[in-house]
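Comments concern the structure below.
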Amino acid sequence: MKISTLARHLREGVKNVGRNGWMSIASISSIAVSLFILGVFMLLALNVNKVADQIESKVTIRAYLQVTANQAKIDEVERSIKRIPEVKSVKFVSKDEGLKQLRESMGEEGKAALEGYNSENNPLPDAFEIEVFDPQTVSYVAKKVMAINETDASKPVTDVRYGKGTIEKLFRITNAVRNIGLIFVAGLAVMAMFLISTTIKMTIIARRREISIMKMVGATNSFIRWPFFIEGALIGIIGSVVTAAVLLFGYSELTSTTQTDIGYYMIQLATLKDVGWIVTGSILAIGTLLGIWGSTISVRKYLKV
Amino acid sequence: MIEMQDVWKTYPDGTVALQGINVVIERNEFVYVVGPSGAGKSTFMKLIYREEVPSKGHLSVNGFNIGKLKHRKIPYIRRNIGVIFQDYRLLPKLSAFENVAFAMEVIESPRRLIKRRTMEVLDLVGLKHKANSLPAQLSGGEQQRIAIARAIVNNPAVIVADEPTGNLDPETSWGIMKLLEEINFRGTTIVMATHNKEIVNSLRKRVIAIERGSIVRDQQRGEYGYEN
Ligand SMILES: Nc1ncnc2c1ncn2[C@@H]1O[C@H](COP(=O)(O)OP(=O)(O)OP(=O)(O)O)[C@@H](O)[C@H]1O
Ligand SMILES: [Mg+2]
């Protein structure tokens, strides 16, 4: 194709968007609405992922030891824990350290409650803090640690704790949200495709006359197809740029106002920098493809190629 | 130029529109196609510009066997055939100039040439001064002139005109006929279907009369031959 012809197709495609006024606006809106919902879900999914990751990374097991356990026994238990293949790391938390951590975590009011306790009369037992490779194995590992007692008559482990139940429930929820999100996004993409192809089909029906005149004067099918192709792409690009701008602006507002509130609970929303590129890129790519795809199938139908 | 040998046309619904047409139209002829409504005149024209294909028989235009033409070759055949209709078929959102230039853009002519040639044919049809008007701002006769300008802009060998004066008053029709005659004089073959008795009888040309799908009369400097 000649450069001048390509330029002509570009010009025509751009002009057609303007010439079709309301039709174009309808197409752009339908793309924008679909992409917007898609984008919201993407942001939601990304944040659920982020939150899940944060929670997962915080999931550790604490194994408390018999107060009477001596250093040799402590070392022995540590070796037993380390032998469990799912375990990533084991950290010894002495009772003094435990008291310090408790004080810190309880803040001002805790200071009063823990007044008078010191290393002499510390009621806390020594403990191990255990990290696992895969957070989903937490309950299994916890059971194994508890099982150390079965091979040791002194029963050195008194208790094993992790966010029992709540953590399992959380995993179930985050997994479900991820899957539902994925299905929902796929469904919406299909819906958007139908919407766009319908709008472009309507555009083309409105321009059957133009197409038949083009054919009459000897236009090749590819010549006829090009401006529609460009028009579709352009509609997709405009729709996605508008959507991306609205989404990113909205999201930056949302994160800047809620970050401080939620930050307290140690759960942070994904930042604009984290998600901006992936959301913009996906929306732009999907929107453009949708526009091109919609126009291509509709044009093919009417050109009977 | 145009040759039909035992050409039949049956539409998908079973209507037999043409049956056993035999005709030869030479280069630079001017031919009227006449006949009652539904006789098959438009079908005859459509075969020439390859809107329809013959169901049977041989048809060649400008040396090309139209019936056997590959689909992707059709556009190139059409470029050598200018088509004019009763309803002008202009694009309403394009100016007169753009409507004509359109036919040249489609065949990828250089832009400079498009501009020059378009103004040239607009001048020929006497509408250079209306180049920027939209079809809605033009009279019926002016719109048909633009359609003619579009049909001739690529210098086709043949012009196929299906009732080009069908929507026009007698005076305007005469203007159009003068223009077609001028184009014919410059070397373009013209095939024109018409119901216009006055024109056929005054501007004498070859007349092909079709009735119920068959040629019933073919006469040089013929007359219209029907009352209406
Ligand atoms: N696409 C089509 N499908 C089926 N039948 C058709 C089609 N086009 C035309 N016909 C039929 O073929 C016959 C010839 O039609 P055609 O349009 O060629 O007539 P015509 O001579 O041009 O008539 P008019 O003077 O009214 O324009 C008619 O009976 C018409 O109903
Ligand atoms: Mg007719």
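All chains are named by letter (A, B, ...) in the order of the sequence lines, taking the proteins before the strands, and each is independently numbered beginning at 1. Everything numeric in this text was worked out from a predicted model, so none of it was measured.
- In this structure, no portion of B/Ile74 lies under 4.5 Å from any heavy atom of chain A.
- Counted within 6.0 Å of CD1 on A/Ile278, heavy atoms from surrounding residues, nucleotides or ligands total 12 or fewer; the atom is thus considered open.
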Which is it for B/Leu168 and B/Ile176 under the side chain to side chain contact (heavy atoms under 4.5 Å, CB included) test, yes or no, and what are the steps along the way? CA-CA 9 Å; B/Leu168 304 174; B/Ile176 295 296; 3.7 Å; yes
Can you list the donor-acceptor atom pairs spanning chain A and chain B that come in under 3.5 angstrom?
{"residue": "A/Lys2", "atom": "NZ", "partner": "B/Glu108", "partner atom": "O", "Å": "2.9"}
{"residue": "A/Thr5", "atom": "OG1", "partner": "B/Glu108", "partner atom": "OE1", "Å": "3.0"}
{"residue": "A/Arg8", "atom": "NE", "partner": "B/Glu105", "partner atom": "OE1", "Å": "3.1"}
{"residue": "A/Arg19", "atom": "O", "partner": "B/Lys93", "partner atom": "NZ", "Å": "3.3"}
{"residue": "A/Lys215", "atom": "O", "partner": "B/Arg78", "partner atom": "NH1", "Å": "3.2"}
{"residue": "A/Gly218", "atom": "O", "partner": "B/Arg79", "partner atom": "NE", "Å": "2.8"}
{"residue": "A/Gly218", "atom": "O", "partner": "B/Arg79", "partner atom": "NH2", "Å": "3.0"}

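- A/Thr280 places no side-chain N or O within donor-acceptor distance of the main-chain N or O of A/Trp277, the cut-off being under 3.5 Å.
- Contact annotation: the side chain of A/Ile25 approaches that of A/Ser29 to within less than 4.5 Å [non-hydrogen atoms, C-beta and beyond].
- Annotation: A/Phe249, atom CZ; neighbour count of heavy atoms from other residues, nucleotides and ligands within 6.0 Å does not exceed 12.
- The number of heavy atoms from other shown groups lying within 6.0 Å of CG (B/Leu113) is above 12.
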